[in-house]
Amino acid sequence: MKIMTCPINGPRPVSEFFYWGEIRPMPDPDTCSDDVWADYVFNRNGAPGVKKEWWCHIASNTWFVAERDTAKDWVLRTYLIGDES
Amino acid sequence: MIRLPPVPGEWIDRSTVVPFTFEGKTYQGYAGDTISSALLGAGEKVLGRSFKYHRARGVLSLANHDVNAVCQWGDRPNVRADVTQLQANMNLTAVNTFGGLDSDKARILGTFARFMPVGFYYKAFHSKLLFPLWERMFRGMTGLGKVSFDTPHIRTPKRYDFCDVLVIGAGASGLVAALTAAEQGAEVTLIDENNRAGGSGGYALGAEASRMEQMTEQLNKVLAHPRIRLLTNTYAAGYYTDHWIALVCSDVLIKMRAKSVVVATGGYEQPAVFRNNDLPGIMLASAAQRLLYRYAVRPMQRAVVLTANQDGYRAALDLSAQGVEVVAVVDLRPDHLDGEPEQRVIALGIRVLSGYRIIEALPGAKGKSVAGARVGNGKSESETLPCDGIVMSVGWAPAANLLYQAGTRMRYTQSLEQFVPDILPPGVFACGRVNGVHTLSARRLDGQRAGSAAAAHAGFGDIREIVIPAETECPTHPWPIVAHPQGKNFVDFDEDLQLKDFENAVQEGFDNIELLKRFSTVGMGPSQGKHSNMNALRILAKLTGKEPQEVGTTTSRPFFHPVPMSLLGGRGFSPERRTPMHSRHTAFGAEWMMAGVWQRPEYYRRAGKDRLQCIQDEAVAVRQNVGLIDVGTLGKLEVIGPQAAELLERVYISNYANLKVGMTRYAVMCDESGVVVDDGVVGRLAEDHFYFTTTTSGAATIYRELSRLNTMWQLDCGIVNHTGSFAAVNLAGPQSRALLSRLTPLDLSAAAFPYLALREGVVAGIPARLMRVGFVGEWGYEIHVPANQGCAIWDALIAAGKEFDLRPFGVEAQRLLRLEKGHIIIGQDTDGLTNPFDVGLEWALKMNKPFFIGQRSLRVIDRQTRKQKLVGFILDAQFNSSVPQECHLVIDRGEIAGRVTSIAWSATLGCHIGLAFVRPELAEANTTINIRLTDRTTVSAKIARTPFYDPDNLKQKEPA
Amino acid sequence: MPWRLLRFATAKKHPEPRMFTTHSTLKPTYDVVVIGGGGHGLAAAYYLGRDHGITNVAVLEKGYIGGGNTGRNTTIIRSNYLTPEGVKFYDESVNLWKDLSQEFDLNLFYANRGHFTLAHSDSALRTMRWRAEVNKHYGVDSEVVGPDFVKKSVPMIDLSCGGHAPILGALYHAPGSVARHDAVAWGYGRGADQRGAEIHQQTEVLSIDIKGGKVCGVQTSRGYIATNKVLCAVAGFTPRILDMVDLKTPIYIHPLQAMVSEPLKPWLDPILVSGSLHIYVSQSARGELVMGASLDPYELHSTRSTLDFTEGLSAHMLDMFPFLSHVKVMRQWAGMADMTPDFAPVMGKTPIEGFYLDAGWGTWGFKATPVSGKTMAHTVATDKPHPLIHGFSLDRFRNYSLTGEKGAASVGH
Amino acid sequence: MKSPSPLSPIHDVLLAKASAWSDSDSLPPSVRKFDARDPQKATLLGVADLSHLPRTGAKGAGAAGWLADLGLPLPSRPNSWLALPDGGLISRLGRTEYLIESNPTLVAQIMQTPRSPGVYPVLRQDAAFALCGSRVNELLLQTCNVDFRCLAADPEQLVLTSMAGVSILVLATGDKIHPVFRLWCDGTYGPYLWETLTGIAEELGGGGIGLDALP
């Protein structure tokens with residue numbers, strides 16, 4: 001089973017985690033067009049590659065960011081929001 | 001006598017005789033036998049019938065690389081006789097025979113072979129009319145063992161496990177690899193699928209006892225080593241991401257996490273392809289040697305050995321050492337350096353025919369044995385060698401399944417005529433035959449190299465540089481295949497595929513390995529191509545004029561050997577949640593229903609009352625006196641901090657900044673696309689402190705999602721999940737206040753504790769949070785107390801409730817009561833696309849807020865024309881025919897115009913009431929709608945305003 | 001024994017010609033280029049020739065035909081969907097399926113077994129009734145049945161499902177069937193080939209040439225092709241192709257896994273699906289139990305297998321059929337499912353002129369093979385979306401008018 | 001009115017099997033003994049219910065300071081724990097959440113202390129168990145996909161993970177040779193987890209034990 005490393009709880013089997021999905025910046029709801037908004041809600045470029053994703057370690061309810069290659073399922077790095085660099 | 005006198009190192013215990021029956025006949029074997037070895041030991045050569053032509057079949061590999069011998073053992077289907085330990089009083093029959101193994105009626109199919117070339121079933125039987133009959137026939141003919149419906153659900157103790165280095169295969173290279181890794185300090189687990197470790201070191205001897213002695217010496221070192229754990233009868237069923245290996249250890253599944261893995265799985269000896277190569281008595285050299293040295297069984301009296309390497313000569317030496325007359329060694333290679341074993345063979349006076357091949361095997365009576373081998377060299381006249389057995393040693397295919405699963409890139413090496421690992425993934429190492437190393441001494445060195453590297457990868461010691469000497473001969477023949485006009489030269493024994501079948505498949509355009517596999521089904525049988533894939537690949541390469549490398553292999557998927565479902569299923573954990581008052585509900589006769597992971601009382605049984613009556617009575621009790629329901633499954637969250645209100649403003653569609661301390665407000669949550677996903681009640685305990693509920697099913701996900709949002713927004717507040725920490729009941733009914741006043745000093749007057757107010761106080765001596773909610777439409781209190789006081793509060797209310805005829809009510813009664821009140825249930829009166837406009841929640845929707853999740857999408861939706869509206873409806877009070885059910889359709893002028901989402905008989909209102917989605921034009925009060933029932937009849941109903949019950953909410957007001 | 005088999009016996013040489021021609025080179029230009037040699041792509045090429053006389057067609061397949069989800073799914077065919085769009089669309093598909101074997105003169109083993117979607121909760125039962133009513137409205141044979149009916153049809157089932165997921169009823173869909181998946185690709189391939197379409201295997205699309213918002217060509221691993229019409233029918237690879245034309249969609253890829261048991265004598269006739277237990281199972285003509293479960297939990301463009309899939313599925317299978325304890329799982333595999341938010345496909349025209357999309361097939365693509373081929377052929381030939389696919393257009397998302405098939409599709413393959 | 005005594009989340013499950021109960025007026029009832037085999041079970045594989053022990057929690061950026069002001073020692077690292085001077089323990093769950101399990105006085109004192117900014121009090125109503133005996137590791141391997149050798153290496157560490165499908169907190173007390181594993185889970189999962197663990201324990205020769213048998 002895949003191992004995912006939680007920044008707080010360390011390496012754990014991926015079954016201990018909840019996957020939310022890709023982090024995508026929200027356009028300004030007050031200024032953006034309807035289409036831009038709808039694209040934010042629904043549409044995306046789903047091509048494989050390194051994506052920034054929301055993951056949660058369920059037992060500790062720890063939310064963090066994983067940079068993951070969605071083709072190879074390689075996790076390049078994980079960190080708490082705000083600890084990017 | 002087929003059993004040999006005691007052989008050094010034999011696996012059988014002659015002191016324990018094991019009786020068993022096969023095909024109705026009684027036999028005796030020894031402890032340590034497999035089913036096949038016992039049968040051969042008892043003189044049986046025919047162990048099964050082939051899949052398609054029902055030809056007699058015997059031992060081929062004796063190593064689970066073929067399924068010639070598959071048995072039904074009581075209620076166990078598809079038991080593999082070659083590798084299944086013999087047990088006392090086993091009652092066995094061969095699978096898939098018609099009228100028994102001996103006189104299988106279906107053997108007639110063999111004579112029809114001409115009619116059934118590869119893929120014939122695609123070319124006929126497809127008349128629309130007749131196919132169902134043909135299909136029934138096909139299904140009867142195919143399929144191996146039978147399931148017995150009496151087999152119980154067997155629960156097994158699965159376990160996780162961990163080690164530094166996992167070594168798979170305890171043969172010559174595996175033993176050394178384990179020792180080397182352990183000596184470098186690693187905790188090593190060494191597994192082998194056989195009953196005993198040692199691999200070919202225990203049987204491929206060439207009549208040299210020293211080979212076995214060396215193996216035993218290594219094995220003893222392994223057994224003595226404190227850091228090595230040896231698991232026999234254990235196979236690696238699959239390799240999964242991050243060195244996660246499924247080990248099937250007799251009757252348990254072990255999920256092993258290793259830091260590094262050494263694959264020392266050896267090779268599959270490959271059959272030669274010639275006419276009648278499947279006759280009982282024709283077997284792989286390794287099979288014959290296993291029979292000799294493990295089970296002391298003489299596989300034949302007079303053997304012809306077909307070979308293309310030194311292993312074959314060793315087999316000849318082993319056979320003759322154990323008293324088998326070796327008629328001749330037929331060597332496919334015209335010229336080759338005669339190795340040391342070959343010289344010994346010649347010294348024994350055994351005839352060696354170099355550059356010869358077996359053109360065909362001559363069948364004995366009924367094709368149940370071999371009578372001889374017709375051999376030739378293509379030049380001189382062919383010659384027939386009488387024999388009762390043929391032993392094949394023409395080469396090896398790597399047992400690389402796990403390597404492929406791990407993502408290894410393999411490369412075809414001409415000098416070895418074998419695929420070998422080219423690029424291994426990090427932490428995965430290979431040694432021995434699977435790595436293209438065949439000479440015994442070299443295999444040991446290779447094990448040392450791999451073991452050292454694996455330990456180093458796991459963080460123990462440094463990699464030892466070891467040079468592996470090149471092979472002195474090519475162990476595998478590039479074309480051990482002989483065409484024959486009459487065919488019956490089998491490539492895949494599972495699927496009865498002959499050379500011709502491949503030529504035909506390629507002719508039809510299935511000329512790449514994957515298409516060939518799918519069309520011909522080569523390698524798709526129970527042994528998954530272990531003995532057939534390599535020959536199939538060679539044939540395809542030849543037919544398409546390609547190199548094996550270009551042809552490439554098919555993907556190897558788990559499992560290596562099939563795994564019983566009971567081992568995979570394990571114990572089958574199914575977590576379940578109970579509210580603290582669970583035992584109280586049981587005592588009151590609760591009929592339980594599953595609500596996600598929760599157990600909830602649907603209603604409480606009463607003597608002489610049916611389900612509906614009980615539910616109606618419970619509802620009436622609430623309307624007339626007072627009822628009590630456990631609502632502890634609701635999500636119970638708290639948000640605390642200066643920006644607590646801000647968080648709620650952003651996630652719910654209504655306003656909460658302006659909610660007064662000590663008050664509650666209904667709360668609806670949407671997703672980003674404006675779809676209603678959850679609802680609950682938000683209460684304000686303090687300026688910076690809110691306590692709120694979610695739906696039962698929503699609790700976990702809502703808490704998780706709010707945590708994510710708060711992590712992202714970094715608001716100055718924190719969320720606490722108290723779902724399991726609070727027990728909660730709803731005490732509802734005209735008498736609820738009088739009852740409660742017996743138990744609490746709180747001022748319950750409407751002025752002091754108005755509708756929708758939230759209070760903290762003490763009830764029955766228990767610190768509690770009380771909310772005056774109206775979900776069921778009566779004066780009532782939701783009372784939340786610490787979970788460990790749940791039973792106490794329940795008991796206190798029940799006791800105090802005696803004089804008020806307090807009655808506990810279940811989920812169903814609550815559904816009815818809320819329906820009378822016109823309250824929706826998320827998930828029942830909404831679906832995956834419902835937005836707040838659809839269900840008349842405009843009143844709660846505060847579009848003028850700065851932001852809330854779903855707001856921007858709802859702005860767009862608000863501008864669109866409405867597609868549907870949720871409305872109340874009633875049936876005529878006199879209505880007495882069959883009643884619509886939830887999700888029956890509303891039909892308007894022949895078209896679907898909506899659906900019923902809720903409906904129930906309301907004793908209080910004396911009619912059926914319901915909620916339905918309808919097209920906006922039908923939504924006006926008093927409009928008649930037609931609901932179509934399952935039987936296609938329609939019932940007309942009248943749109944009615946909700947709430948049906950107490951529309952002016954007088955029940956929540958102090959009686960004047 | 002059918003007479004047709006006689007010719008095999010009598011003929012000196014194997015009397016079967018190639019099913020598909022191998023073309024050594026690509027033509028410089030085609031009227032239509034179909035990307036993807038799976039069932040959908042080959043079916044589109046077939047109907048382009050059969051119904052619209054368009055035969056100058058190239059089908060480009062990066063691997064081998066039928067090697068994607070066509071050859072990886074669990075071959076269930078049904079039309080008991082939830083939305084009117086879905087029901088009409090899949091019903092047309094089932095009608096086409098019934099005649100395919102004869103039309104192809106190739107036995108697809110299209111076997112009508114009957115299909116149960118089990119309900120373990122009252123809310124599931126409500127959805128079943130909803131589906132049944134919508135199905136019947138459009139003439140599709142579906143009924144809500146009680147546990148007794150289930151027990152009668154599948155007597156060996158444990159109705160309590162191990163005690164923690166009692167079966168309260170089911171949606172019974174009599175037309176539910178299974179078919180030999182690979183043969184479907186071969187049948188359409190042979191038919192398209194016979195009509196002049198060229199199938200190019202081991203031919204990968206590297207880029208798509210767009211000028212002024214119009215398609216004008218395709219760059220492949222075997223050279224450039226000029227064309228004004230490109231149909232993208234690549235299921236799990238859709239996002240990679242859409243990336244070439246910079247088109248954003250709601251499609252996201254999750255692996256979908258399946259497994260088969262060793263061959264057993266026939267004991268299970270109908271197809272069973274359980275949403276709560278995440279099971280779908282049928283017994284193939286070879287006697288193997290073909291089993292699947294729900295999607296993998298996270299996005300992944302790969303067909304790797306996981307052990308936990310086989311563990312979970314086996315545990316649930318044993319809840320339903322305890323007596324399978326000794327039955328062995330032989331092989332597992334995976335496909336890449338191109339999911340959409342509303343569990344309905346994305347079909348038709350796109351903002352790019354001449355670029356047509358047949359995608360979003362998630363877990364429901366196989367059963368749609370004939371109708372998607374037919375309707376996409378129509379759409380490509382006439383440059384107007386076929387009436388049956390109006391509900392599936394890409395712009396439904398920007399218009400917030402989703403199709404809402406979720407209720408029918410979740411684990412309902 | 002005197003507040004009625006609180007009950008363990010698995011009280012009803014225990015009622016059936018327990019033979020002797022503790023009678024403390026400061027603590028909820030707890031099982032002292034199941035049966036005569038308690039001591040043997042404890043040496044092989046014992047499962048004891050410690051849910052009755054008083055506990056409370058707090059989380060948030062301010063929690064550490066708030067607890068320090070109450071005079072509590074704080075575990076230095078995330079996911080570690082300390083024994084408290086006058087009995088019980090304090091666990092640090094992740095970065096900023098704390099679980100205190102101690103004597104009634106201390107716990108009551110913490111619960112009555114008004115929260116300060118950045119402090120979010122957590123009402124702990126866990127099911128809390130202890131696992132002991134020579135075969136405890138086998139039980140853990142059958143229910144938990146974590147290599148608990150890490151706790152032997154670092155006794156102050158604690159692990160938040162999943163056991164038999166339920167989120168739990170685990171830590172090891174006692175010595176390295178005879179570790180006693182403490183675990184906590186949401187009380188509403190308590191009956192399920194207790195029955196699952198004791199069920200497996202019984203297969204392995206152990207089972208539920210009373211506090212008297214707990215080392």
Side-chain angles (χ1 to χ4, degrees), chain B residues 157-163 187 252 254-255 257 570-571 573-584 586 597-598 632-633 636 638-642 688-689 716-727 743-745 762-767 786-793 795-796, chain D residues 1-13 15 28 51-52 57-63 96-97 115 117-127 138-149 162-166 185-193 195-196 199-200 203-204:
Chain B
K158 259 190 301 190
R159 64 203 296 272
Y160 299 96
D161 214 326
F162 307 85
C163 68
E187 293 287 339
V252 181
I254 298 178
K255 295 175 273 181
R257 176 81 65 185
R571 298 180 183 276
F573 296 125
S574 36
E576 166 195 307
R577 296 181 84 170
R578 292 182 181 177
T579 70
M581 294 83 116
H582 190 87
S583 61
R584 305 309 196 254
T586 313
V597 283
W598 291 98
T633 61
K636 305 176 214 72
E638 284 181 55
V639 56
I640 305 169
D688 64 346
H689 188 182
D716 185 1
C717 62
I719 308 158
V720 183
N721 183 358
H722 277 153
T723 300
S725 301
F726 279 100
L743 298 172
T744 179
V762 171
V763 178
I766 303 161
N788 59 13
Q789 311 260 33
C791 286
I793 195 82
D795 296 343
Chain D
M1 192 184 300
K2 177 187 173 299
S3 158
S5 175
L7 297 177
S8 158
I10 64 165
H11 186 79
D12 300 320
V13 185
L15 269 179
S51 306
H52 65 287
K59 65 193 229 183
T96 60
E97 180 169 0
R115 58 184 169 84
V119 179
Y120 318 123
V122 181
L123 177 65
R124 302 294 310 213
Q125 296 281 302
D126 309 60
E138 178 61 26
L139 175 66
L140 293 171
L141 285 172
Q142 283 192 30
T143 53
C144 241
N145 189 358
V146 170
D147 185 357
F148 283 104
R149 285 181 298 183
S162 167
M163 173 181 269
V166 177
C185 75
D186 184 310
T188 58
Y189 281 110
Y192 159 77
L193 194 60
E195 272 158 5
T196 304
I200 298 171
E203 279 179 31
L204 296 168

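In the text below, chain A, chain B and the rest are named by the order of the sequence lines, each starting its count at 1.
- Using a 4.5 Å heavy-atom cutoff, the side chains of D:Leu123 and B:Pro786 are in contact.
- Of the two parts of B:Ile254, neither the backbone nor the side chain holds a non-hydrogen atom closer than 4.5 Å to a non-hydrogen atom of chain D.
- If you measure heavy-atom distances from D:Asn145 to chain B, the contacts under 4.5 Å come from both the backbone and the side chain.
- Side-chain atoms of D:Asp147 and B:Arg257, non-hydrogen and from C-beta on, never get closer than 4.5 Å to each other.
- Contacts with chain B were tallied for D:Glu138, D:Gln142, D:Glu203; D:Gln142 has the most, counting heavy-atom pairs under 4.5 Å.
- Contact of the D:Val166 side chain with the B:Phe573 side chain is not registered, since no non-hydrogen atoms from C-beta on lie closer than 4.5 Å.
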Exercise. What do the steps show when you test D:Tyr120 against B:Ile719 for side chain to side chain contact (heavy atoms under 4.5 Å, CB included), and what is the final call?
Worked result: CA-CA 8 Å; D:Tyr120 318 123; B:Ile719 308 158; over 6 Å; no
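- Heavy-atom pairs under 4.5 Å with chain B peak, among D:Val122, D:Thr143, D:Leu193, at D:Val122.
- Side-chain contact check for B:Arg571 versus D:Ile200: some heavy-atom pair is nearer than 4.5 Å.
- Proximity to chain B involves both the backbone and the side chain of D:Pro121, based on heavy atoms less than 4.5 angstrom apart.
- Residue B:Ser574 touches chain D through its backbone alone, counting heavy-atom pairs closer than 4.5 Å.
- Using a 4.5 Å cut-off between heavy atoms, D:Asp12 touches chain B through its side chain atoms alone.
- Contacts of B:Val597 with chain D are made by side-chain atoms alone, with heavy-atom separations under 4.5 Å and no backbone atom involved.
- Here B:Ser725 is the residue among B:Gly790, B:Ser725, B:Gly724, B:Ser583 with the most heavy-atom pairs under 4.5 Å with chain D.
- Options B:Pro157, B:Gly718, B:Gly641 differ in how many heavy-atom pairs under 4.5 Å they form with chain D, and the most are formed by B:Gly718.
- Contact of the B:Tyr160 side chain with the D:Val146 side chain is not registered, since no non-hydrogen atoms from C-beta on lie closer than 4.5 Å.
- Checked by atom type and distance alone, the side chain of B:Glu576 never pairs as donor or acceptor with a backbone atom of D:Tyr192 at under 3.5 Å.
- Taking B:Val762, B:Asp688, B:Thr723, B:Ile793 one by one and counting their heavy-atom pairs under 4.5 Å with chain D, the maximum is reached by B:Asp688.
- With B:Asn788 as the partner, the side chain to side chain contact (heavy atoms under 4.5 Å, CB included) test is satisfied by one option alone out of D:His52, D:Gln125, D:His11, D:Arg124: D:Gln125.
- Counting heavy-atom pairs closer than 4.5 Å to chain B, the top-ranked of the candidates D:Ala61, D:Ala164, D:Gly165, D:Gly190 is D:Ala164.
- Neither the backbone nor the side chain of D:Pro9 comes within contact range of chain B, judged by heavy atoms closer than 4.5 Å.
- Ranking D:Pro117, D:Cys144, D:Gly57 against chain B, the residue ahead of the rest is D:Cys144, based on heavy-atom pairs under 4.5 Å.
- Using a 4.5 Å cut-off between heavy atoms, D:Glu97 does not touch chain B at all.
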